[in-house]
Amino acid sequence: MNILRIVYLASLFLIDKSLSAKCTTTRTGNDVSTDCHGKGFRYVPKNIPNDTTYLDLSANELFVIFNFAFSRLKHVSSLKLSSAQISVIESNAFSGLVKLTSLDLCNNTLDIHSLPETVFDSLFFLRILDLSQNNFRYYPEKILVKLSELERLSINGINDQTFGNGFRSLRKLTYLKFEPCTITRMDNNTFDVFKNIQLKELIFQCKIRYVEPGALNPFKLIERLDISKNFNVRISYLLQLLNGLMDRIVTSIDFSHNFRTIPAADVLLASQFAMIGAVCVKEVDLTRNRIISIQSGGINLMKHKNCLEKLILKENSIWGDGSIAIEIVKLVNLRWLDISNQATIHVKTNAYKNKTCLRRLDMTDTNYSSDRLTFAFQLPRNLQYIDASYLGVKDSGLVNLNFTNAGKLDFLNLAGNKFVNCLGHFHGLSHLQTLDISDFNCSELDLKMISFMPYLKTLISRRTHLNVGLQNDVNGEFLKQLFGLKQIDFSENDFVTFNKHMFVSQYRSLISLDLSNNKFSKFPIPINKFSTLKKLSLVQNRIAFLQKSDMNQLENYQRDKQINFELLLNDNNFVCNCDSIDFVRWLQETKVTLDKNRNYSCVYIDNSKKTTVYAYTHLEFIESKCLSKVWLTITIILVVVFLLLFTASSLAYKYRITLHFWYLHIRRKYRHYTALEGDSKEYKYNAFVAYCTADEEWVCVSLVNYLEKTNGLSLCLHDRDFAAGRLIMDNIIDAIFESKKVVLVISKEFLKSSWCEFELDMARMKMFQDNRDMLVVVLLDKLSPSQMPISLQRIWNKVTCLEVDEIIYTNQNCNFEHLFWKRLYEAVVM
């Protein structure tokens, strides 16, 4: 056997250095911590620093702790050997640990034979010992006898085993925990050995099925009692254990999580609930015990009801006798009440009308809304904390609630109660500092709902449909009176934007604002108007990037207010492209504190998934791509503009005459010319005669004599009738518009004149405008249609054309018998 042991030790020595090198040592002042946790050691390393004060060898494969394994480590005060697969510890294994005060051996495979009688003889200063979660079938009484200085002990609780002299000798023991615990009975004599022990904390999470009332009597100085997680016994039955602690002062009693394996419910009779008051206890936890009813009268029967400061009844299904709510007022020193997470109940307001605890107020009182029920809740006068979240309330609208005796209440949690609207409001909470109304349905909202809470500092309103309820709150009435609010949680409300007056009253008070899980696509608040805001969460919104103005505001805010501002932006729809170059750069260079190490997911310029850090390191590439796009865009714009200008120019040139005509026509209208009424009075002239200067003699003599002097017609001639000082083109347009017909006296010289061509074009346009035959062409020279101007060729078939022969042109005696003159007269007057 010794030979095998020597071989085993020698093999371990060969790998000593490679294994011990895995440990890490941290020095803080006089404390030296060596962490060898989970390194795969099969023995205690040899080169642990000699001055180590804290040594962690847990989660290794030590199996055996050999003699003198820690002999060099004289300064170790805390040794952790949990979950190290230890099954054997030799008698001198801990020799040399002269300063050891805490030893953790939990979760190994130790049994009564693994611990020699003298194994702890050298541990004179041991105060804390953890032997829990091992394989003990009997209590190691012999080693416990020698630990007279032990103060805290954790050990397996073994069914059908009594506590012997080993426990009796632990005179200084103050803490005792059984883990795991298979004990099923607590008789009146179970703990007799502890009569002279100063035990203050007892954790008894076992499998209790049977108890006797005097079982806890030996614990004279008990301060904390934990008899939880005994799944096979009703709390109504366990409460009789408090008989053994009658009239003693106890800090806390934990009776939570009992009675879990039986699919049934428990009812606390008044006498059973009153047992809590048989002890002067400050805190009682009755969480998750399947309690469905607490009979009224129990609080009245409590002897030491004034001692109770904290009562936890959460995770039950309490609905039974509502009068218990009246009695709770008598717990005058109650400071903490937790009734959260009860099973679903359907609130019917009529059911409470006869209850004094829920008193319908006089509807004539002008302080309350006359169209909503108002109920009064009388609270214990010292109550500071109420958790009434997730009571299972549904199918009910929020009524007006008036709390009395609430002068010290500073925390109220009503989250998770599915009120179908928020058309009621709260009264009496003048000193409330924290309110949680998450999961209310506030799509219908009384804007005065929380107005009467002047000292409110924290408002939590998650998933309350405020995006609908506040859409008409244009003046910011909902938060208007709350000048002391420091923290607001409006997450998961589907907000897209805020009214500009939303946080006006909080500009000088708000410290933290949670707007996560909404639908903001832009930065939602005017950050520069706040004075104390330190944290803003925009996690999981729809922001693609921040605008330059937003980034400037953030920078200026942090600099001007000298605030280390924290902005949470994770899980938005960020893009890393041409539009967001400034934003990507800002994320890495700003002094504003950002989450996720400033590295967010984004859609890259090529539509792939990248991160903002990656984009920042490739900004030159993005900028080059963007520059190419810019020039391409500019080129396209210039080409489009050129094509538009070219097209416009072509059309303008093609229709230049038409445009010129309409320009002059509109210009003439703005000079306030009006048409004459009636056919005979419509025109000033019978005809406007357009001719060139070379043909002036024939026009002014022969043509004028015949049409004016002989036939009494009125002609407009440019030499005679054009107004002096006006533009020629204006005179021409006026002449055409004021003449019934236009006589074009065309000759070869006429065709050379630009003004004559202008007169022809304007006359032609007037003909099209009026849709009538108004042009009379007089040809002085022999001209074929092909020699005519193009504009005249296009209308040649629509004009009256008269040719002047030699006889007519040389008519010196004013003989107007020729057929030409008759046809000319008819053409002008018809």
Side-chain angles (χ1 to χ4, degrees), residues 82 105-108 110-112 129-141 144 152-164 166-168 170 173-195 197 199-219 222-245 250-264 266 272 275-276 279 281 283-291 312 315:
S82 60
L105 288 165
C106 78
N107 198 27
N108 284 290
L110 301 175
D111 58 28
I112 195 171
L129 176 61
D130 192 344
L131 294 173
S132 62
Q133 301 184 60
N134 278 285
N135 296 338
F136 294 112
R137 298 178 61 187
Y138 305 95
Y139 293 119
E141 302 275 358
L144 295 178
R152 298 174 64 89
L153 174 63
S154 299
I155 195 169
N156 297 45
I158 307 168
N159 194 36
D160 297 327
Q161 293 294 305
T162 59
F163 301 105
F167 290 94
R168 193 187 304 274
L170 302 177
L173 193 67
T174 60
Y175 173 94
L176 178 59
K177 178 180 181 180
F178 298 105
E179 184 182 9
C181 183
T182 59
I183 298 172
T184 59
R185 295 177 61 90
M186 293 178 69
D187 298 324
N188 286 339
N189 60 355
T190 298
F191 300 109
D192 281 349
V193 299
F194 295 95
K195 283 182 179 180
I197 296 176
L199 196 69
K200 294 181 179 180
E201 294 184 66
L202 175 62
I203 302 175
F204 208 81
Q205 299 173 351
C206 302
K207 297 183 178 181
I208 301 299
R209 292 178 180 273
Y210 175 81
V211 299
E212 291 184 354
L216 300 179
N217 188 60
F219 301 111
I222 197 75
E223 293 179 359
R224 179 185 171 218
L225 176 64
D226 184 346
I227 306 183
S228 61
K229 300 179 183 177
N230 294 279
F231 297 151
N232 299 312
V233 62
R234 296 173 186 267
I235 183 63
S236 58
Y237 181 64
L238 276 179
L239 284 174
Q240 66 177 311
L241 285 171
L242 299 181
N243 272 306
L245 301 178
V250 179
T251 300
S252 69
I253 298 176
D254 188 349
F255 275 135
S256 65
H257 296 84
N258 292 297
F259 194 35
R260 304 306 306 160
T261 59
I262 303 173
D266 199 3
Q272 294 168 334
M275 288 306 303
I276 295 173
V279 185
V281 58
E283 301 178 7
V284 176
D285 189 347
L286 296 174
T287 299
R288 203 169 185 180
N289 282 304
R290 295 185 181 270
I291 303 171
I312 302 175
E315 298 180 39

Can any side-chain N or O of [X] pair as donor or acceptor with the backbone N or O of [Y] at less than 3.5 Å?
{"X": "Asn134", "Y": "Ser132", "answer": "yes"}
{"X": "Asn159", "Y": "Thr184", "answer": "yes"}
{"X": "Asp254", "Y": "Ser256", "answer": "yes"}
{"X": "Asn230", "Y": "Cys206", "answer": "yes"}
{"X": "Ser228", "Y": "Asn258", "answer": "no"}
{"X": "Glu212", "Y": "Asn188", "answer": "yes"}
{"X": "Glu201", "Y": "Tyr175", "answer": "no"}
{"X": "Asn108", "Y": "Leu105", "answer": "yes"}

Would you indicate whether the side-chain heavy atoms of [Y] and [X] approach each other to under 4.5 Å?
{"X": "Asp226", "Y": "Gln205", "value": "yes"}
{"X": "Leu225", "Y": "Leu245", "value": "yes"}
{"X": "Arg224", "Y": "Ser252", "value": "yes"}
{"X": "Ile197", "Y": "Leu176", "value": "no"}
{"X": "Leu153", "Y": "Leu144", "value": "yes"}
{"X": "Phe255", "Y": "Leu239", "value": "yes"}
{"X": "Pro180", "Y": "Gln133", "value": "yes"}

Identify the heavy atoms of [X] and [Y] that sit nearest to each other, and give their distance.
{"X": "Ile222", "Y": "Lys200", "result": "CD1-O, 3.5 Å"}
{"X": "Asn243", "Y": "Pro213", "result": "CB-O, 3.6 Å"}
{"X": "Arg152", "Y": "Leu173", "result": "N-CD1, 3.8 Å"}
{"X": "Thr190", "Y": "Arg185", "result": "OG1-O, 4.2 Å"}
{"X": "Asp187", "Y": "Tyr210", "result": "OD1-CE2, 3.3 Å"}

#### Entry: Partners passing side chain to side chain contact (heavy atoms under 4.5 Å, CB included) against Tyr138 (at least two apart in sequence or in another chain)
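Ile112, Gln161.
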For Ser236, side chain to side chain contact (heavy atoms under 4.5 Å, CB included) partners two or more places apart |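 Side chain to side chain contact (heavy atoms under 4.5 Å, CB included) list for Ser236, sorted by chain: Arg234, Asp266, Leu268, Gln272.
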In Å, rounded to the nearest 0.5 Å, how long is the span from [atom1] of [X] to [atom2] of [Y]?
{"X": "Leu131", "Y": "Cys106", "atom1": "CG", "atom2": "SG", "answer": "9.5 Å"}
{"X": "Thr182", "Y": "Asn156", "atom1": "OG1", "atom2": "CG", "answer": "8.0 Å"}
{"X": "Ile227", "Y": "Leu242", "atom1": "CD1", "atom2": "CG", "answer": "7.5 Å"}
{"X": "Glu315", "Y": "Asn289", "atom1": "CD", "atom2": "CG", "answer": "10.0 Å"}
{"X": "Thr162", "Y": "Glu141", "atom1": "OG1", "atom2": "CD", "answer": "7.0 Å"}
{"X": "Asn107", "Y": "Glu179", "atom1": "CG", "atom2": "CD", "answer": "9.0 Å"}

Worksheet entry | All ring-ring contact (aromatic ring centres under 6.0 Å, His included) counterparts of Phe163, not counting sequence neighbours |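 Only Tyr139, Phe167, Phe178, Phe191, Phe194 meet the ring-ring contact (aromatic ring centres under 6.0 Å, His included) criterion with Phe163.
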